[in-house]
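The structure appears right after this line, and notes come after that.
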Amino acid sequence: MGIELRGNALITMILLASGLDFLLLGYDQGLLAGILPGARFLDMLDNLNPTMTGLVTAIYDIGCAFGAVAAFIWGVRIGRKKSIIIANFIVIIGAALQTACVNYSMMAVTRVVAGVGAGFSTSALIIIGVALASWLFFATLFANSSLQWRYPIACQMIFSSLVLCCGLFLCDTPRWLAQRGEHDNARHVIARLLDKDDHDPGVTGQLNEILEALNLEAADGEASWSEVFSNATKSRNLQRVLLGMGPYMMNQWSGVNALCYYLTYIFERYLGFSTQIALILASVAFTQHAVMSWPPYFYMDKLGCRWSVILSSAGCATCMALIAGCLLGKNSAGAAGAVAFSFLFLDCFTLGILPLVVFGRDSAIAIVVVMITPIAMNAIGGNHFWIWAIVCASFCPLTYFFAIETSGRTLEQIDQMFHSKPRVLMGFDKENTKVIRTTAADEEIRFKAFAAMGDKGGVEEVEEQTLAPESLKSLSGNSTGKAPFLEDSDYGITLNESTAIAEWIITKHGNGRLALRPDDPNYAEYLRWFHFANCTLQPAFVTSMFMGIAEGGPEGMAKQFVQARTAGALSVLDERLGEVKWLAGDEFTAADVMTLYVVTTQRWFGPVSLAGYGNVLRWVGECAARPAYQRAMEKGDPEMKLLLGAEPPKQSLLEVDGVNSDIWKK
């Protein structure tokens with residue numbers, strides 16, 4: 001069977017193979033940008049006119065488009081591992097033929113071959129490859145033979161050969177194996193990735209999540225082409241197809257490929273720099289471009305995809321307009337300004353638009369940009385950049401009005417957006433644009449639930465557990481045996497139900513404090529939020545709690561429903577607390593008291609994250625700072641660790657020995 005890597009070693013090999021593949025694509029994209037100004041290369045191609053230059057450059061993207069279509073059709077059948085191996089063999093063949101080229105026609109055909117391999121293999125662009133290609137050609141620029149361009153082309157084979165070596169140690173994806181019915185192999189691959197036993201609960205949980213998703217897809221059936229391009233479905237397919245195409249269009253129609261493919265060519269031919277200086281400037285620009293591709297990793301999930309794109313597009317539009325303006329004067333100062341704003345454009349593009357898309361599927365769009373750039377530059381010069389400035393500027397309102405926020409959301413949660421509140425201008429719904437921050441605890445809870453999905457047939461009878469102290473269970477009148485329970489000796493009554501107890505205490509012992517009178521302007525809001533905890537928020541939390549621990553685990557649709565209900569209740573609460581200080585308005589009332597328990601102590605029994613609900617967290621902090629709350633908790637639960645932050649406990653009390661365990665204690 002050979003060497004079987006596990007854990008970090010396997011993940012490192014996967015990352016290495018992916019990185020080399022992405023590097024190869026970037027290198028291929030930047031290759032023509034580097035060698036195009038070379039005298040030896042132009043001699044072999046018989047000194048091209050702008051149209052032929054655009055064609056030989058863009059034809060690579062035609063190959064990428066063919067490769068992407070091939071991957072779409074056959075990739076699922078043969079698996080990702082075989083796809084990568086086949087693709088890199090094609091790249092090696094294409095690179096070898098390009099290296100041996102003797103005329104324009106041969107170069108055009110062989111670039112299509114190389115493009116097919118790149119499009120079939122990769123779906124992302126690492127701009128480091130573009131920078132590497134530019135620097136490598138600068139190193140060979142001074143060769144007095146065809147080595148000047150043949151060596152950089154031949155280097156494609158090095159990257160593909162390294163990918164093929166990594167391929168010997170790779171495994172097929174668990175989803176592909178599960179889709180083919182090879183569940184044991186899928187389980188084993190997950191175990192290798194996690195470096196755990198094949199039957200570890202974490203392994204089982206991830207496998208069951210994959211199987212659940214596949215079952216849902218099978219239940220929905222395969223959509224027809226007419227349904228894909230129709231909004232007459234619950235999922236609003238046409239709207240989602242258009243929204244999905246948006247980032248790809250932005251990626252290519254921002255004008256970035258006008259610079260990535262032709263930066264050296266533009267610097268030399270239209271700004272008057274020498275070949276050497278043009279190559280150095282382009283190489284530095286691409287190197288800076290590569291460095292700036294890392295910051296989005298740290299901020300995009302916090303800022304959100306929508307605002308990242310909007311700010312990036314505004315920056316790109318400004319830079320393109322300034323490049324066009326600098327080129328109007330046709331002098332050295334204007335040329336220097338155009339260079340500077342070309343650098344800044346690449347930075348702005350990398351910081352917002354680039355991270356959202358993957359390369360390959362948008363290759364057909366790239367063909368147009370790459371093809372027309374030399375023709376347009378020859379015809380209208382720097383005015384060509386006004387077009388891209390206007391297009392980039394249009395991305396801002398399009399994103400703001402139509403796009404949803406996907407950061408921190410699962411595909412199921414995104415489905416729910418279109419199912420529950422469908423509208424054309426999705427950006428006008430605040431819930432659709434809120435950034436959600438998931439936590440490791442959320443992931444752990446989800447996998448635990450899926451790990452329990454093995455036996456769905458029967459229901460095991462379990463002994464009912466109530467978490468009230470024994471002293472309360474034995475009291476006369478407490479027929480349910482649960483807390484809270486009130487025995488009021490002043491009036492000779494006993495009472496269950498927390499809302500009823502709160503109202504009794506306010507009315508009989510509090511002289512109406514913490515409640516609003518019927519003639520108060522906020523009385524309706526007080527009533528609403530006084531009952532919100534027990535009628536809406538707590539049922540959602542409790543249902544989520546029991547769905548998470550139920551034997552056999554939650555069914556997919558039921559789980560999605562419960563998650564949506566819980567998120568919906570928290571969103572309503574968060575929105576209200578974004579408008580007012582306390583739930584009923586400017587005054588702290590019993591509505592705050594009733595609701596606070598659910599988002600604090602209740603989470604010991606069913607962990608729910610409050611990440612992403614900043615207004616709720618602000619309100620919890622202010623409630624907890626009140627001396628009365630501190631005295632109440634010291635009397636009622638002096639040993640309990642208070643849950644006042646976003647993160648829930650890692651374990652529910654219902655998963656351990658209830659209140660007899662120590663996990664909840666200070």
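One is the number of the first residue; the rest follow in order along the sequence.
- Judged by the 6.0 Å and 45° rule, R423 forms no cation-pi pair with F428.
- To the nearest 0.5 Å, the span separating CD1 on I501 from CE on M594 amounts to 9.0 Å.
- Environment of OH in Y400: sparse, with no more than 12 heavy atoms of neighbouring residues, nucleotides or ligands closer than 6.0 Å.
- Within the 4.5 Å cutoff, the side chain of V599 has no heavy atoms near those of the Y613 side chain.
- Here the CG atom belonging to L193 is positioned 10.0 Å from the NE2 atom belonging to H188, to the nearest 0.5 angstrom.
- Remark: N8 CG is loosely packed, at most 12 non-hydrogen atoms of other residues, nucleotides or ligands lying under 6.0 Å away.
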Intermediate values then yes/no, side-chain contact (heavy atoms from CB on, under 4.5 Å), F588 and V593: CA-CA 9 Å; F588 180 85; V593 177; 3.8 Å; yes
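- Looking at heavy atoms from C-beta onward, I14 lies in side-chain contact with L170 at the 4.5 angstrom threshold.
- Rounded to the nearest 0.5 angstrom, S312 OG and D347 CG are separated by 10.0 Å.
- Using a 4.5 Å cut-off on side-chain heavy atoms (C-beta onward), W176 and V189 make no contact.
- No donor-acceptor distance shorter than 3.5 angstrom exists from the side chain of E525 to the backbone of L583, with no hydrogens or angles considered.
- Minimum interatomic distance between A186 and A178 (heavy atoms only, all atoms of both residues): CB-N, 4.0 Å.
- Of the possible polar contacts, one joining the Y299 side chain to the L351 backbone as a donor-acceptor pair under 3.5 Å is found.
- A 4.5 Å side-chain heavy-atom check between H199 and V203 finds every atom pair outside the cut-off.
- Between the side chain of D200 and the backbone N or O of D197, no donor-acceptor pair lies under 3.5 Å.
- Listed for the R6 side chain is no donor-acceptor partner under 3.5 Å among the backbone atoms of D195.
- Considering only heavy atoms from C-beta on, V435 stays 4.5 Å or farther from L303 through its side chain.
- For the pair L617 and G645, the tightest heavy-atom approach, listed with the atom from each and the gap, is CD2-C, 3.7 Å.
- Considering all non-hydrogen atoms of both residues, D574 and G614 come closest at OD1-N, 3.4 Å.
- Here the closest non-hydrogen pair linking A515 and I506 is CB-CG2, 3.7 Å.
- Note that the CZ atom of F530 and the OG1 atom of T499 stand 5.5 Å from one another [nearest 0.5 Å].
- Between the E587 side chain and the W582 main chain, no donor and acceptor come within less than 3.5 Å of each other.
- No donor-acceptor pair closer than 3.5 Å links the side chain of R603 to the backbone N or O of S609.
- Between the side chain of R192 and the main chain of E4, no donor-acceptor pair closer than 3.5 Å is present.
- Q630 contributes a side-chain N or O that, together with a main-chain N or O of A624, makes up a donor-acceptor pair within less than 3.5 Å.
- Formation of a donor-acceptor pair under 3.5 Å by the T595 side chain with backbone atoms of A591 is found in this model.
- The minimum heavy-atom distance linking L495 with A500 is given by the pair CD2-O, 3.7 Å.
- Contact annotation: the side chain of W529 approaches that of L573 to within less than 4.5 Å [non-hydrogen atoms, C-beta and beyond].
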CA sep, side-chain torsions, deciding dist, call: T204, R187, side-chain contact (heavy atoms from CB on, under 4.5 Å): CA-CA 7 Å; T204 302; R187 178 187 292 275; 3.0 Å; yes
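- Here the CH2 atom belonging to W619 is positioned 10.0 Å from the CG atom belonging to L610, to the nearest 0.5 angstrom.
- The shortest side-chain heavy-atom distance between K508 and D490 does not fall under the 4.5 Å cut-off.
- In this structure, R626 does not pair ionically with E622, as no charged nitrogen and carboxylate oxygen lie closer than 4.0 Å.
- Considering all non-hydrogen atoms of both residues, E405 and K434 come closest at CG-O, 3.6 Å.
- Distance check: I493 CD1 to D488 CG gives 5.0 Å after rounding to the nearest 0.5 Å.
- No side-chain donor-acceptor contact under 3.5 Å links T507 to the backbone of W504.
- Note that R517 lies outside the cation-pi zone of Y523, set by a 6.0 Å cut-off to the ring centre and a 45° limit from the axis.
- Using a 4.5 Å heavy-atom threshold, the side chains of T589 and N522 count as separate.
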